[in-house]
Trainee: 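Below is one structure. I have some questions about it.
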There are 2 protein chains.
Amino acid sequence: MTDGKPTLRDVAAAAGVSPMTASNALRGKPGVKESTRLKVLAAAERLDYRINLTASMLKSGRSNIIHIIVNEFDSPFYSKLVQSLATETTARGLTPFVEQTRYSPDAAKHALATNPFSGQLFDGEIIHAAGLNTDVPLAAMNHGRPLVLIDACEDTPSFDTVNFPNEEGARAAVQHLIERGCRHIAIVGTDYAPRNELARVEDSAGLRLRGASGALLDAGLPYDESVTFSAYNSTRGTEAGHAIARAILEQRAGRAGSAAAGSADGTNGTAGTVEMAGTSGSGPTAATAMAFDGVFCSNDYAAFGVIRGLADYGIAVPGDVKVIGFDGATSGAYTTPTLSTIQVDLDQLAQFALDMITRRVEQRSQGAADTPATRATIGYTLVSRESTTAER
Amino acid sequence: MTDGKPTLRDVAAAAGVSPMTASNALRGKPGVKESTRLKVLAAAERLDYRINLTASMLKSGRSNIIHIIVNEFDSPFYSKLVQSLATETTARGLTPFVEQTRYSPDAAKHALATNPFSGQLFDGEIIHAAGLNTDVPLAAMNHGRPLVLIDACEDTPSFDTVNFPNEEGARAAVQHLIERGCRHIAIVGTDYAPRNELARVEDSAGLRLRGASGALLDAGLPYDESVTFSAYNSTRGTEAGHAIARAILEQRAGRAGSAAAGSADGTNGTAGTVEMAGTSGSGPTAATAMAFDGVFCSNDYAAFGVIRGLADYGIAVPGDVKVIGFDGATSGAYTTPTLSTIQVDLDQLAQFALDMITRRVEQRSQGAADTPATRATIGYTLVSRESTTAER
DNA sequence: CTGAAAGCGCTAACAG
DNA sequence: CTGTTAGCGCTTTCAG
């Protein structure tokens, strides 16, 4: 150690062994006498030695870093997803490297393919980001490194995939609304699609719609364009809430017409000017005498927006309408009303994803051939909170 | 390029130049003829060359990676902070490496000091995490690399620091409540401290308490133990809400006694059994005839909890009590009621922090001596939303 | 079980 | 403006 940080050579010298033995001892490789190992560890401790990872990575070609690509940090869903993935990665002695794409497909492709880190540094990737789906040549972009997709929803997976319980969860959510007495249920979060088209969907939103609509039809309740309201983010969740509120007020009045905003809202000036969202809910809808009394939202963010939008028109949750979301965002336990939701098990997701990654990493390091892509679906819990409470 | 990825040597060969010239051309160093540079870039493009960062980092000792250490990902405050920091870091051509400590001081110290990445890989660190304050030997742990603390609140900064507008923001928040007609204001988020002790606080919570209490006293309103309720996270925010609710009900009844929960809550069974939080609010408080009509929370998370806790007792916001938070969490715009808050400018924070880091990095690369620690305080906007609306 | 040699791919320093 | 030399610190390989 001339001056700067101690190197492996310094540790070896201090321990009276060769650099190679020191390296093996430090890394816990088998085939080092216990007494030797202790000597080396003591020397390293004494010198406050820290391995130089850049050198290690350069030589070995492995980094133990897992690349996690998500759309953003600041949303109830992603912040929780990232927390679970990062925690599990760390628990396994690997290092999580989290990158956000901000929903830009270009940024996502860059993160995966052209970013120099991705090219050579990462041992594997876990991806839930717009633009990185199976329509693009992921394997090529990724140079064939281990890759786990989250919620890719392919029928026959081309990559290791961990899916959400989209259809079952959505079905359970709608059934819950029905059990709570709802008979006219709106679906927020997806564009309408007829049932026959839903038979062959391979995406998250479609599967949730399939589950939700199936539950409606099984119960003899209506499923058509008039009950679906699209909403891809919270703002549109609010718009969907407005649309549903107006539909309710029109239905209550027994006729089509202008519904006055009955909100107590003094600061939010948008209530009177929002446009209709979704494919329907506006104007004189045919044979819908009964007002909406339940809403299934395909994510919690949209659910918060819907509750917000309903409130703008003075419609109370769960008093007038019950609302259930999907995801299990942490904040749903603290809002007013607290939000009923399909809480997906993100810790389990993280475990599955890391199992898949580490399996492939090990396969490769042993020169074994790649095994076929696997798929797992995580569990969920229906969390019943105030937003679907029966009594009022 | 024998077989695997193309190396710089391959690019140089393809372009008919030396590796060094290729390196300089690729990195945009001055002193390369334009025609040569173009040849090199074309060759790199053609070969789909990607620099090997491990080799680059090993040789140069620089990584362009900024280490961002925070307590967690999944909270309204941190998810937004991380998003701002990561976005700004990327915008400057640097790479953000975000790590969570989950509030463990040991994990935080490990992240900063013993994690091998920290030892040699990162060009600088931006820190907002429990356990990494100026009580510990940060400079030594960090081996003297550039370091920016967020909200360290030292009177004379020992490290580059970006502070929140703690005192001014809290003062503005309480003044806002007063302007909205509140005359009996509770403070949630900090343990009570007498005014004379607050003169010399050097921490975020103390400064917010100083600002809030100052505003109360300036307006001739009471500031004593009976108006403070501690709350360090959302759960305790809820407890504080319960305590405030009970105080209100007692005060309304004009005497001490059991306050019945008047909640419409059918699922949350805790209302009747929670313990009192904070230092007061329970039992027969002396001369407090007037019920609380306003609450200042020193963070939004606590504010959500307080609103939640008040609702458990049937107390409405803003109808019965107005509530304002601090931070400007994204979700405050979508809750019901929407949350008034002191919205701090996290994008500005990110800019300041990165200015400070890059300045030091450049200083070092030029062998200049370190300049004294600097400090900046970010701006805020008082966002007035439903939770402090005057009309009902 | 331990050691010696070689080099991963790049870039700082200097020579041409 | 371009090329040559040398070596960052580690680990793979293979010999002892």
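Being a predicted model, the structure only gives us computed values, none of them experimental. The chains referred to below are lettered A, B, ... by the order of the sequence lines, with proteins before strands, and numbering in each begins at 1. Just so you know, these numbers use all the heavy atoms, side chains as well, and skip hydrogens, waters and symmetry mates.
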Trainee: Using distance alone, with no hydrogens and no angle criterion, decide if A/Tyr49 and A/Asp10 have a side-chain donor and acceptor under 3.5 Å apart.
Mentor: no

Trainee: In whole angstrom, give the distance that lies between atom NZ of B/Lys5 and atom P of C/dC8.
Mentor: 16 Å

Trainee: Hey, what bend do you get for the helix from C/dC1-D/dG16 to C/dG16-D/dC1 if you fit axes on five pairs at each end, rounded to 10°?
Mentor: 30°

Trainee: Under 3.5 Å, is there a donor on one side chain and an acceptor on the other for B/Gln100 and A/Thr87?
Mentor: yes

Trainee: Between A/Asp203 and A/Cys153, is there a donor-acceptor pair closer than 3.5 Å when you use the side chain of the first and the backbone of the second?
Mentor: no

Trainee: Remember a base hit wins even if backbone is also touched, and classify A/Thr36 as base, sugar-phosphate or nothing at under 4.0 Å, heavy atoms.
Mentor: sugar-phosphate

Trainee: Send over the distance from A/Leu58 CG to C/dA6 P, rounded to a whole Å.
Mentor: 18 Å

Trainee: Looking at A/Phe97 versus B/Phe97, is the centre-to-centre ring distance below 6.0 Å?
Mentor: yes

Trainee: Using a cut-off of under 3.5 Å, enumerate the N/O to N/O pairs linking the protein to nucleotides 10-13 of chain C.
Mentor:
| residue | atom | partner | partner atom | Å |
| --- | --- | --- | --- | --- |
| C/dC10 | OP1 | B/Tyr49 | OH | 2.4 |
| C/dC10 | OP1 | B/Asn52 | N | 3.4 |
| C/dC10 | OP2 | B/Leu8 | N | 2.3 |
| C/dT11 | OP1 | B/Ser56 | OG | 3.3 |
| C/dT11 | OP2 | B/Ser23 | OG | 2.7 |

Trainee: Will you find, in the side chains of B/Thr371 and B/Gln363, an N or O donor that is under 3.5 Å from an N or O acceptor?
Mentor: yes

Trainee: Rounded to the nearest 0.5 Å, what's the gap from CG on B/Leu85 to CG on B/Asp347? Could you check?
Mentor: 9.5 Å

Trainee: Would you call B/Arg360 and B/Asp123 a salt bridge, using N to O less than 4.0 angstrom?
Mentor: no

Trainee: Spell out, as yes or no, whether a donor-acceptor pair under 3.5 Å connects the side chain of B/Ser56 to the backbone of B/Asn52.
Mentor: no

Trainee: May I ask you to evaluate whether B/Thr21 reaches the phosphate of D/dG3, defined as a side-chain N or O under 4.0 Å from OP1 or OP2?
Mentor: yes

